[in-house]
Amino acid sequence: MQVYNTMTRKKEELVPLTPGVIRMYVCGPTVYNFFHIGNARPFVVFDTLRRYLEYKGYKVVLAQNFTDIDDKLINRANAEGTTVPEIAERYIKEYYRDADALSIERATVNPRATEHVDEIIALVETLIGRGHAYAADNGDVYFSVRSYPEYGKLSGQSIDDLESGARIDPTEHKRDPLDFAVWKGAKPGEPSWESPWGKGRPGWHIECSAMSMNILGETFDIHAGGQDLVFPHHENEIAQSEAATGKPFARYWMHNGYININNEKMSKSLGNFLLVRDIAKEFDLEAVRLFLLGAQYRNPVNFSRELIEQADTALSRIRTARERLDDAMKKPAEAPDPEDAAFLASVPEFRARWEEAMDDDLNTADALGVLFDFTRSLNSFVSEPRGIEALEAADAFMKDVCRVMGLLQHRREEEFPLEALALLAQRGAARAARDWARADAIREELKALGFAVEDGKDGAKLKRL
RNA sequence: GGCACCAUAGCCAAGCGGUAAGGCAGAGGUCUGCAAAACCUUCAUCCCCGGUUCGAUUCCGGGUGGUGCCUCCA
């Protein structure tokens, strides 16, 4: 599989450090609020990557962190008159709720910064010991950017250009404006941990370095996140980690593009964000997932309600095909059908095309095109009873694609309320009596209850609206 | 100022050297009591100007327009 590596700015063959195993780290949420659709993109995209790698037979160790201590949590806790751990606990729970609805599989580990303070302190001590960090007189510890000559290699920035643009904050105790905090001395009332530099808490960048290296090793395969993390977050992670270990940190850096609203980046600071939680009130979040996978992950995508509606309609197209296949499998042809052979032969071709798209830097947009092509072919095929072998081949492919792309993973209620079933039966009777007016009236009643009726060869079927 | 990215039909979005996947919407048709679903048909020459090439949406140069990072941010 080819993967675009931000470090080299080109697509490269993904070759894991340990054959058959992929170790990857995805920057997770700072848990001080529900997450918005922009935050959802990396979670969905890299979940899809993880699933695809597993489909290809890799064992994937995926770590996605929760940043559960930082200024935003502290502010939120103060504003609500509660504690930082309470805020973190709440929004971690809410994260899982939304992530589940988006069919995001649980990571292998979800490390929390506060559970890795010892490792963070050890890492800071190593950096100081090697002359890459220094303790300031206020209890802060800073990383010395100029002590790491390769600084800027990920973002393509030169230290001198950065220097000229760096903001100087007189309240900080840096030796150089480029330096950044790896440990923050505690201010009164803030949560803090004992350290060699007094009470304090981890800096943001260092926690990802400490957690990723502790869980995945000093050198691991993939480090991923949003494009806005390239600088400074990931640049700083590289500097800290490689300065501390003298070894390469992550080998492939993958970054997703933004979600825009009206061609402007969606962000919490701009206030133009839409919470996934709010979209869930109106739509099955798998429609959001389909929307996100409808574009190649590195390209920016515009968000609008209309686009989610489009995705929702498209999703139902896949769902209908899935249901038609299920029905076909319940009553296959007695003997193989003459058309089975051609269809059976086409399935591996669809699969090959789908894999080719996924192998090309996770081109999910292209891969979805293959799914829809297959959907059309399948819909035609199952319009007549077919041999079970061909149907099972279609089923296996459909399941693989849907599992990897995280679509149709929600259990839908099979059971319909008795009231609706009774109406359906009454309508059937009316139709048998050619009482069309009554049949249509009942259809309207069912619609009001949230069900559509579809008449087919084998009688009428109910569908949830 | 530095570093990147993008420009394909009404709306999204792949493709990236040989004459434009797919989805949504629209039009016509098949099926249906009607509908729905499904299927069939139909709907673009790829921002502009140069250049390279037998041939460019696809490569190069120059425009124009838009975005992001350089500060917390997915």
Side-chain angles (χ1 to χ4, degrees), chain A residues 6 9 26-30 35-46 70-72 152 155-158 160-167 169 180 204 224-233 235 255-260 263-270 273 290-291 293-304 306-321 323-324 353 357 360 363-383 430-431 434-437 439-440 443 447 452-457 460-461 463 465:
Chain A
T6 306
R9 294 180 200 271
V26 176
C27 284
T30 298
F35 65 87
H36 61 66
I37 182 155
N39 300 313
R41 173 121 94 147
F43 306 153
V44 166
V45 163
F46 298 116
D70 94 323
D71 289 341
K72 292 184 286 268
S155 57
Q157 309 270 352
S158 81
D160 294 320
D161 288 336
L162 288 166
E163 182 83 84
S164 64
R167 187 198 287 178
D169 183 342
F180 56 89
W204 174 43
Q227 233 156 45
D228 46 1
L229 297 183
V230 172
F231 191 92
H233 186 55
E235 195 71 73
H255 295 97
N256 62 276
Y258 305 113
I259 303 290
N260 296 144
N263 292 313
E264 202 176 43
K265 179 185 170 184
M266 179 187 296
S267 74
K268 286 176 182 165
S269 44
L270 286 173
F273 58 88
L290 185 64
F291 160 73
L293 296 181
Q296 211 278 342
Y297 75 91
R298 283 186 289 123
N299 293 152
V301 294
N302 238 319
F303 172 86
S304 73
E306 188 196 355
L307 294 174
I308 296 300
E309 285 171 358
Q310 288 184 6
D312 197 44
T313 309
L315 181 64
S316 67
R317 186 173 162 73
I318 301 169
R319 186 180 295 123
T320 301
E323 287 166 0
R324 286 166 63 104
R353 281 177 56 204
D360 180 18
N363 193 336
T364 51
D366 207 3
L368 281 174
V370 179
L371 208 211
F372 283 110
D373 281 342
F374 179 70
T375 294
R376 183 182 302 111
S377 169
L378 177 64
N379 278 331
S380 292
F381 186 65
V382 298
S383 61
R431 289 186 74 222
R434 306 185 71 80
D435 184 353
W436 309 128
D440 290 347
R443 184 160 61 197
K447 193 176 172 188
V453 188
E454 292 182 1
D455 297 319
K457 277 185 213 156
K461 289 188 65 172
K463 281 189 100 171
L465 287 174

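Every chain is numbered from 1, with letters handed out A, B, ... down the list of sequences. Being a predicted model, the structure only gives us computed values, none of them experimental.
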Base-pairing assignment for G33(B) (Watson-Crick or G-U wobble, both under 3.5 Å)
none
Using the P atom as the reference point in each nucleotide, state the distance between C48(B) and U53(B) in Å, no decimals.
22 Å
Could you work out the separation of G15(B) and C69(B) based on their P atoms and round it to a whole Å?
25 Å
Between P on C24(B) and CZ on Phe303(A), what's the gap in Å once rounded to a whole number?
19 Å
Taking atom P in both G61(B) and C5(B), compute the distance separating them and give it to the nearest angstrom.
12 Å
Per atom distances to the Arg317(A) side chain, the nearest of G15(B), C24(B), G22(B) is C24(B)
How long is the line joining CG of Asn299(A) and P of C12(B), in whole Å?
14 Å
Whole Å only: how far is the CG atom of Asp70(A) from the C1' atom of U71(B)?
15 Å
Minimum-distance nucleotide (side-chain atoms of Gln157(A) versus A21(B), C70(B), C73(B)):
C70(B)
U30(B) and U19(B), which share atom name P, separated by this distance in whole Å
35 Å
Start at the 5' end of RNA chain B and walk down; is the nucleotide closest to Asp366(A) or to Gly28(A) reached first?
Asp366(A)
So, OP1 or OP2 of C5(B): does either fall under 4.0 Å of a side-chain N or O from Arg9(A)?
no
Under 4.0 Å, heavy atoms only, any strand: does Gly257(A) hit a base, just the sugar-phosphate, or nothing?
base
Rounded to whole Å, OH of Tyr258(A) lies from P of U67(B) at a distance of 14 Å
For the P atoms, the ones on A74(B) and on G23(B), what distance do you get once it is rounded to whole angstrom?
35 Å
Regarding Ile259(A), tell me which of base, sugar-phosphate or nothing describes its non-hydrogen contacts under 4.0 Å with the strands shown.
base
Please report the distance, rounded to the nearest Å, between CG in Asn256(A) and P in C73(B).
14 Å
A correct 5'-to-3' footprint of nucleotides 29-36 of chain B, with B, S and - meaning base, sugar-phosphate only and no protein heavy atom under 4.0 Å, is ----BBBB
Take the protein atom CZ of Phe372(A) and the nucleotide atom C1' of A37(B), then report the distance between them rounded to whole Å.
15 Å
Hunt down the Watson-Crick or G-U wobble partner of G26(B), both distances under 3.5 Å, from any strand shown, or write none.
U42(B)
Validation row: Phe291(A), Phe303(A) side chains within 4.5 angstrom (heavy atoms):
yes
Got a donor-acceptor pair under 3.5 Å from the side chain of Gln227(A) to the base of G68(B)?
no
Roughly how far, to the nearest 0.5 Å, is the OG1 atom of Thr364(A) from the CG atom of Leu290(A)?
9.5 Å
Need the pair for G68(B). Rule: Watson-Crick or G-U wobble, both distances under 3.5 Å, any strand; none if unpaired.
C3(B)
From A74(B), A38(B), A14(B), pick the nucleotide closest to the side chain of Asn363(A)?
A14(B)
Got a second to check how far Thr320(A)'s OG1 is from Glu454(A)'s CD, nearest 0.5 Å?
6.5 Å
Among G22(B), A74(B), A14(B), find the nucleotide with the atom closest to the side chain of Ala365(A).
A14(B)
Does Asp373(A) reach a base, just sugar-phosphate, or nothing at all? Heavy atoms under 4.0 Å.
sugar-phosphate
Please classify the nucleic acid contact of His36(A) as base, sugar-phosphate, or nothing, using heavy-atom distances under 4.0 Å.
base
Between C69(B) and Lys265(A), is there an OP1 or OP2 to side-chain N/O distance shorter than 4.0 Å?
yes
Touch check for Phe231(A), heavy atoms < 4.0 angstrom, all strands: base, sugar-phosphate only, or nothing?
sugar-phosphate
Under 4.0 angstrom, heavy atoms only, what part of the nucleic acid is Lys72(A) near: base, sugar-phosphate, or nothing?
sugar-phosphate
Please give me the minimum heavy-atom distance between Arg317(A) and Thr375(A), naming the atom from each residue.
O-CG2, 4.1 Å
Within the structure shown, what part of the strands sits under 4.0 Å from Gly38(A) by heavy-atom distance: base, sugar-phosphate, or nothing?
base
Between Arg376(A) and G23(B), is there a side-chain N or O to OP1/OP2 distance below 4.0 Å?
yes
Counterpart residues, salt bridge (Lys or Arg N to Asp or Glu O under 4.0 Å), relative to Asp435(A) (two or more places apart)
none
Mind checking the P distance from C49(B) to C12(B)? Whole angstroms is fine.
24 Å
Which nucleotide in the set G23(B), C69(B), A38(B) lies at the smallest distance from any side-chain heavy atom of Arg324(A)?
A38(B)
For Ile318(A) and Leu371(A), run side-chain contact (heavy atoms from CB on, under 4.5 Å): C-alpha distance rounded to whole Å, both residues' side-chain angles, the deciding distance at 0.1 Å, then the answer.
CA-CA 8 Å; Ile318(A) 301 169; Leu371(A) 208 211; 3.7 Å; yes
With respect to the side chain of Asp228(A), which nucleotide from G15(B), A38(B), C69(B) is positioned closest?
C69(B)
Identity of whatever pairs with G50(B) - Watson-Crick or G-U, under 3.5 angstrom:
C60(B)
Say you pick atom C1' in U67(B) and the same atom in U42(B); how far apart are they, in whole Å?
36 Å
So Thr320(A), base contact, sugar-phosphate only, or nothing? Heavy-atom distance under 4.0 Å.
sugar-phosphate
Of His233(A) and Leu368(A), whose nearest nucleotide on RNA chain B comes first from the 5' end?
Leu368(A)
Look at all strands and tell whether Asp71(A) reaches a base, only sugar-phosphate, or nothing, counting heavy atoms closer than 4.0 Å.
nothing
Between Asp455(A) and Arg443(A) the two heavy atoms that sit nearest each other are OD2-NH1, 4.5 Å
Describe the nucleic acid contact of Asn379(A) in one word from base, sugar-phosphate, nothing, applying a heavy-atom distance below 4.0 Å.
sugar-phosphate
Reported CD-to-CG distance for the pair Glu309(A) and Leu307(A), which is rounded to 0.5 angstrom:
9.0 Å
Once you apply a heavy-atom cut-off of 4.0 Å, does Gln296(A) come out as touching a base, just sugar-phosphate, or nothing?
sugar-phosphate
Which one, A74(B), G23(B), A13(B), comes nearest to the side chain of Val301(A)?
A13(B)
Any donor-acceptor pair under 3.5 Å linking the side chain of Gln157(A) with the backbone of Gly152(A)?
no
Using the salt bridge (Lys or Arg N to Asp or Glu O under 4.0 Å) criterion, which residues pair with Glu306(A)? Sequence neighbours excluded.
none
